Amino acid sequence: MRNQSNKERMERWSVQSPEAPGFHAVVTPDTCECREAQIYRLNLNAGDSYVLETQTLEMNPVLIEGSAKLSDHSSLNQTMKKFDAFYVPGGESIRITALENCIFYIAAAKCEGVGAPFFRSFDLSLPIGDIHQIHGSGVGRREVMFTLSHQEPASKLICGLTWGGEGAWTSWPPHQHERDLEEIYCYFDMPLPHFGLHISYLESGGVEDIVTHTVHSGTMVQAPAGYHPTVACPGTRNAYFWVLAAFSQPSRRYDLAVLDPALESFQS
């Protein structure tokens, strides 16, 4: 490692989210480097409920485990199964009641008056298109399902779920979008001893200054700057909820990733 201060900076980007019941702030500007992208975790025991109040934030909760019922909202009253998601802008509240033990990952960013509530039912049978996509090829192939696409109105957030192949890479070739968006990777369905490696580095081709984060279920890693590919150990698929937050409404786009020119040609 040639730059010790960069190493110490990037080592702080990984957080293990709490498993205790309740609502937990995991990545927020108060405690983390990301200024725009935020992530919360809600753990509910069966029969318990929680009133989610967005206040000044827009939110995109996704149900990572269990089943739940939405209520006390003008348009959202659905029963949720695993990987269902919904979006609510600022100034709203909604009651979430756990039908089984539940884990929600909740993306958030400052609401700037753009966005309307909606519900997205998870359906892997959707044809490849705007919501269900395949990215990459070979050992970098991954499947993506948007929970909040760039085509849907929102202030800053674009969010989705990604699954890589067994022992394979995701987000390869490495990319960055530090001028326009921050990102958080929130890992799930990777119970120990399954694990993956989330790689952070700041400069093109700067592989001598890589910081490697060991990730598994509940690990959340920021990408406020630099490149951030991931790889799974053999017998494991990296699976994560990714949260993009734009610095401005014009940069709320999904086509702003810049590939590392030093590694762009390293394709499988």
Side-chain angles (χ1 to χ4, degrees), residues 1-3 5-15 26-39 56-60 87 107-115 130 133 135-136 140 142 144 146-162 169-186 198-213 220-230 240-267:
M1 176 64 68
R2 297 173 297 182
N3 190 314
S5 62
N6 281 347
K7 176 178 183 289
E8 293 171 357
R9 175 192 179 190
M10 291 185 286
E11 285 176 342
R12 293 191 291 269
W13 289 352
S14 179
V15 180
V26 183
V27 174
T28 67
D30 295 337
T31 58
C32 297
E33 186 170 334
C34 280
R35 300 293 92 190
E36 300 292 346
Q38 302 184 37
I39 191 75
T56 61
L57 302 175
E58 61 177 355
M59 292 185 171
N60 182 212
Y87 170 83
K110 183 180 179 181
C111 185
E112 296 184 340
V114 181
D130 293 339
Q133 299 183 357
H135 294 182
R142 61 268 192 198
V144 174
F146 282 88
T147 59
L148 174 60
S149 79
H150 63 288
Q151 298 171 322
E152 290 153 336
S155 291
K156 291 178 176 287
L157 289 175
I158 305 171
C159 306
L161 302 163
T162 291
W169 291 83
T170 69
S171 296
W172 189 271
H175 70 270
Q176 56 87 4
H177 31 66
E178 60 192 31
R179 290 181 56 185
D180 300 291
L181 307 108
E182 296 174 334
E183 191 167 18
I184 308 170
Y185 283 44
C186 310
H198 181 114
I199 295 167
S200 301
Y201 65 100
L202 296 177
E203 303 295 336
S204 172
V207 295
E208 292 181 285
D209 289 325
I210 277 174
V211 167
T212 302
H213 311 275
M220 300 181 174
V221 186
Q222 303 171 73
Y227 302 91
H228 40 276
T230 85
Y240 49 85
F241 176 50
W242 48 267
V243 177
L244 284 167
F247 295 130
S248 66
Q249 178 65 209
S251 67
R252 185 182 174 260
R253 293 166 48 186
Y254 194 60
D255 60 351
L256 297 176
V258 178
L259 300 182
D260 183 348
L263 298 175
E264 184 175 358
S265 64
F266 287 27
Q267 301 278 4

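As the structure is a computational prediction, the values presented were derived from the model and not from experiment.
- When side chains are defined from C-beta on, Trp13 counts as touching Pro224, because their heavy atoms get closer than 4.5 Å.
- To the nearest 0.5 Å, atoms OH (Tyr227) and OG (Ser204) are separated by 4.5 Å.
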>> Applying side chain to side chain contact (heavy atoms under 4.5 Å, CB included) to Trp172 and Ile199, what does each step give before you reach the verdict?
In response: CA-CA 11 Å; Trp172 189 271; Ile199 295 167; over 6 Å; no
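- Remark: the backbone N or O of Ala37 is paired with a side-chain donor or acceptor of Glu182 at under 3.5 angstrom.
- Considering CD1 of Ile184 and CD of Glu36, their distance stands at 11.0 Å, rounded to 0.5 Å.
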>> Please determine whether ring-ring contact (aromatic ring centres under 6.0 Å, His included) holds for the pair Phe146 and Trp242, giving the CA-CA distance in whole Å, both sets of side-chain angles, and the decisive distance to 0.1 Å.
In response: CA-CA 9 Å; Phe146 282 88; Trp242 48 267; 5.6 Å; yes
> Would Glu112 and Arg252 satisfy side chain to side chain contact (heavy atoms under 4.5 Å, CB included), going step by step from the backbone distance to the final call?
Replying inline: CA-CA 12 Å; Glu112 296 184 340; Arg252 185 182 174 260; over 6 Å; no
>> For a side chain to side chain contact (heavy atoms under 4.5 Å, CB included) check, start with the C-alpha distance between Val258 and Arg179, then their side-chain angles and the critical distance, and finish with the verdict.
In response: CA-CA 10 Å; Val258 178; Arg179 290 181 56 185; over 6 Å; no
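- Closest approach of Tyr201 and Asp209 over heavy atoms only: CB-O, 4.2 Å.
- For Met59 against Ala108, the heavy-atom pair with the smallest separation is CG-CB, 4.0 Å.
- Electrostatic pairing of Lys156 and Glu58 does not count as a salt bridge here, judged by no charged N lying under 4.0 Å from a carboxylate O.
- At a cut-off of 3.5 Å, with distance as the only test, a side-chain donor of Ser200 or His213 sits close to an acceptor on the other residue.
- Across every non-hydrogen atom of Leu57 and Gln38, the tightest pair is CD2-NE2, 3.8 Å.
- Taking all atoms of both residues into account, the shortest heavy-atom contact from Gly205 to Asp260 is N-OD2, 3.0 Å.
- Using a 4.5 Å cut-off on side-chain heavy atoms (C-beta onward), Asp180 and Arg253 make no contact.
- Ring geometry, His228 versus His198: the interplanar angle falls under 30°, so the pair is classed parallel (tilted spans 30 to 60°).
- Within the 4.5 Å cutoff, the side chain of His135 has no heavy atoms near those of the Thr162 side chain.
- Taken to the nearest 0.5 Å, the CZ atom of Phe247 stands 10.5 Å off from the CZ atom of Arg35.
- A distance of 10.5 Å separates CD in Gln176 from CG in Leu181, rounded to the nearest 0.5 Å.
- Nearest heavy-atom pair, Pro173 versus Leu263, reported as atom, atom and distance to 0.1 Å: CB-O, 4.0 Å.
- For the pair Tyr87 and Val114, the tightest heavy-atom approach, listed with the atom from each and the gap, is OH-O, 3.3 Å.
- A salt bridge between Glu8 and Arg12 is absent, with no side-chain N of the basic residue lying under 4.0 Å from a carboxylate O of the acidic one.
- The structure places CG of Leu244 at 9.0 Å from CG of Leu157, a figure rounded to the nearest 0.5 Å.
- When the shell of 6.0 Å around CD of Glu33 is examined, it contains more than 12 heavy atoms from other residues, nucleotides or ligands.
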> Yes or no on side chain to side chain contact (heavy atoms under 4.5 Å, CB included) for Tyr240 and Thr170, after CA distance, side-chain angles and deciding distance?
Replying inline: CA-CA 10 Å; Tyr240 49 85; Thr170 69; 2.9 Å; yes
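- Residue Lys7 holds its NZ atom at 13.5 Å from CD1 of Ile210, rounded to the nearest 0.5 Å.
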